[in-house]
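From a predicted model like this one, the values you see are computed outputs, not experimental measurements. For the numbers below, each heavy atom of this structure counts, side chains included, while hydrogens, waters and symmetry mates do not. Residues take their numbers from the sequence shown, with the count starting at 1.
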Amino acid sequence: MSSLVMRISKEGFPIVFDLLEMEFERQVTNLVAKGYPGIARMTESAFRKQLEPLKDKAASLPPWTNETELPEGYAPFALVVKSEWVDSSRAIQLVERQKKAGFSVMDEQDMCRFKPIDGIALPAGVAYLLADIDTGRQTLNVTPNDALPRLLAQGRSPLTLEEGIALVTHFPELLKKNNGFSLLGSRCGDRRVTALWISQGKPKLGWCWAGNPHTWLGSASCLERIGTDSVANEKNLEGSFKVCSHNS
């Protein structure tokens with residue numbers, strides 16, 4: 001299977017599209033439309049130039065076409081911009097689902113306390129790709145403490161706070177009333193795990209206790225993280241996650 005598809009122009013000429021490249025361009029344009037270049041204090045052209053090296057990485061991902069029936073709660077890849085360019089407190093406000101903006105019950109200082117857990121190696125640079133993303137329908141009503149070993153056994157890596165926001169920035173429809181998702185890849189040393197869900201019809205970034213299950217909350221994960229020069233695939237995370245001694 002190939003991600004290349006052919007369409008016939010009005011003049012009758014065949015036109016070949018690479019849907020992975022088109023999806024990458026859609027995501028870059030989405031960030032531009034939300035004002036990311038200005039927030040990062042750069043021009044649009046400079047912003048696009050910084051992200052351009054990731055385009056070939058996106059195009060080299062496993063084939064995907066719009067004719068393929070994607071599993072529910074799945075995205076082939078998402079472009080992540082680190083908080084060095086756009087901090088999470090601003091980024092969540094730029095998320096839009098059904099014409100309603102995202103919000104958070106956490107302030108900027110609290111968000112900054114959540115760092116990638118031991119074993120997650122983020123690619124170098126200020127932007128990278130998440131590949132093969134799942135919002136965790138199979139972990140609904142499973143505590144974050146119990147969900148993490150399941151993900152690791154499948155060779156997958158939990159999403160961080162920044163990555164969760166990036167996912168719903170590009171795919172807001174993946175956030176559903178009956179399927180919000182925890183972001184197990186970021187912790188701050190206490191019992192909390194950040195999560196995204198729908199509240200009053202709006203995308204909400206908040207937190208839940210690591211030891212509590214919720215029927216409407218799964219745990220999001222990816223297969224790999226891809227930078228311009230390397231791939232970070234966290235298959236050696238098992239045993240490295242430090243669960244706090246206080247469990248709810």
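Distance CG/L151 to OG/S221: 5.0 Å, rounded to 0.5 Å. Here CG of L61 is found 11.0 Å from CG of D56. Values are rounded to the nearest 0.5 Å. From L175, atom CG reaches atom NZ of K204 across 12.0 Å, with rounding to the nearest 0.5 Å. To the nearest 0.5 Å, atoms OG (S199) and NZ (K100) are separated by 10.5 Å. Note: L129 CG to L54 CG = 4.5 Å, rounded to the nearest 0.5 Å. With rounding to the nearest 0.5 angstrom, the CG atom of L152 is 7.5 Å from the OG atom of S157.
Taking 4.5 Å as the limit, every side-chain heavy atom of T160 sits out of range of all side-chain heavy atoms of K115. Contact of the I165 side chain with the L205 side chain is registered, since non-hydrogen atoms from C-beta on lie closer than 4.5 Å. In this structure the side chain of L161 never reaches within 4.5 angstrom of the side chain of P116, judged on heavy atoms. T29 places none of its side-chain heavy atoms less than 4.5 Å from the side chain of F24. Annotation: side chain of H214 is not in contact with side chain of T143 (no heavy-atom distance under 4.5 Å). Proximity of M106 to F114: side-chain heavy atoms (C-beta onward) are separated by under 4.5 Å at one or more points. Contact annotation: the side chain of K82 approaches that of L122 to within less than 4.5 Å [non-hydrogen atoms, C-beta and beyond]. For the pair F77 and H170, the minimum side-chain heavy-atom distance is 4.5 Å or more.
Shortest non-hydrogen contact noted between V193 and L183 is CG1-O, 3.8 Å. In this structure, E21 and A59 approach most closely via the heavy-atom pair CG-CB, 3.6 Å. For A101 against K202, the heavy-atom pair with the smallest separation is O-CB, 3.7 Å. Nearest heavy atoms, S182 versus A195: CA-CB, 3.8 Å. Between A210 and P144 the shortest heavy-atom distance is O-CD, 3.1 Å. The two residues L140 and G218 make their nearest non-hydrogen contact at CD2-N, 3.5 Å.
More than 12 non-hydrogen atoms from other residues, nucleotides or ligands lie less than 6.0 angstrom from CD of E84. For E173, the CD atom is densely surrounded, since the number of other residues' heavy atoms within 6.0 Å is greater than 12.
Taking the six-membered ring wherever Trp is involved, the centroid distance between the rings of F181 and W197 does not fall below 6.0 Å.
Note: the hydrophobic cluster containing L184 does not contain V142 (ILVMFWY, side chain heavy atoms under 4.5 Å, direct or indirect links). Hydrophobic clustering (ILVMFWY, side-chain heavy atoms < 4.5 Å, transitive): V126 and I226 are in one cluster. Residues L217 and F103 are members of separate hydrophobic clusters, defined by side-chain heavy-atom contacts under 4.5 angstrom among Ile, Leu, Val, Met, Phe, Trp and Tyr. The cluster map of Ile, Leu, Val, Met, Phe, Trp and Tyr, joined by side-chain heavy atoms under 4.5 Å apart, puts I92 and L174 in the same cluster. At a threshold of 4.5 Å between side-chain heavy atoms, the hydrophobic network of Ile, Leu, Val, Met, Phe, Trp and Tyr places V32 and L94 in one connected group.
Although no hydrogens or angles enter the test, the distance criterion places a donor-acceptor pair under 3.5 Å between the side chain of R156 and the main chain of D132. Put simply, the side chain of N179 never gets that close to the backbone of G136: no donor and acceptor are under 3.5 Å apart.
One side chain, E162 or S83, offers a donor N or O that lies under 3.5 Å from an acceptor on the other. A donor and an acceptor atom, one from each side chain of Y128 and E163, are located under 3.5 Å apart. Looking only at atom types and distance, the side chain of S89 has a donor-acceptor partner in the side chain of D87 under 3.5 Å away.
With respect to the salt-bridge test (charged N to carboxylate O, under 4.0 angstrom), the residues R113 and D110 qualify. A salt bridge between R26 and E23 is present, with a side-chain N of the basic residue lying under 4.0 Å from a carboxylate O of the acidic one. Salt bridge status for E96 with K34: absent, with no side-chain N to carboxylate O gap under 4.0 Å. The residues R187 and D118 are annotated as not salt-bridged, no charged nitrogen and carboxylate oxygen being separated by less than 4.0 angstrom. Between E108 and R90 no salt bridge is recorded (no basic side-chain N to carboxylate O distance below 4.0 Å).
Just one of L31, T43, V28 meets the side chain to side chain contact (heavy atoms under 4.5 Å, CB included) condition when paired with R48; it is V28.
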For this session: Start with the C-alpha gap between R150 and T139, add the side-chain angles, then the distance that decides, and say whether side chain to side chain donor-acceptor pair (under 3.5 Å) holds.
Result: CA-CA 9 Å; R150 294 191 187 186; T139 51; over 6 Å; no
For this session: Evaluate side chain to side chain contact (heavy atoms under 4.5 Å, CB included) for S104 paired with M111, printing each intermediate quantity in order.
Result: CA-CA 10 Å; S104 178; M111 289 186 205; 3.2 Å; yes
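Ring orientation note: the planes of W207 and W209 are nearly perpendicular, at an angle over 60° on the 30°/60° scale.
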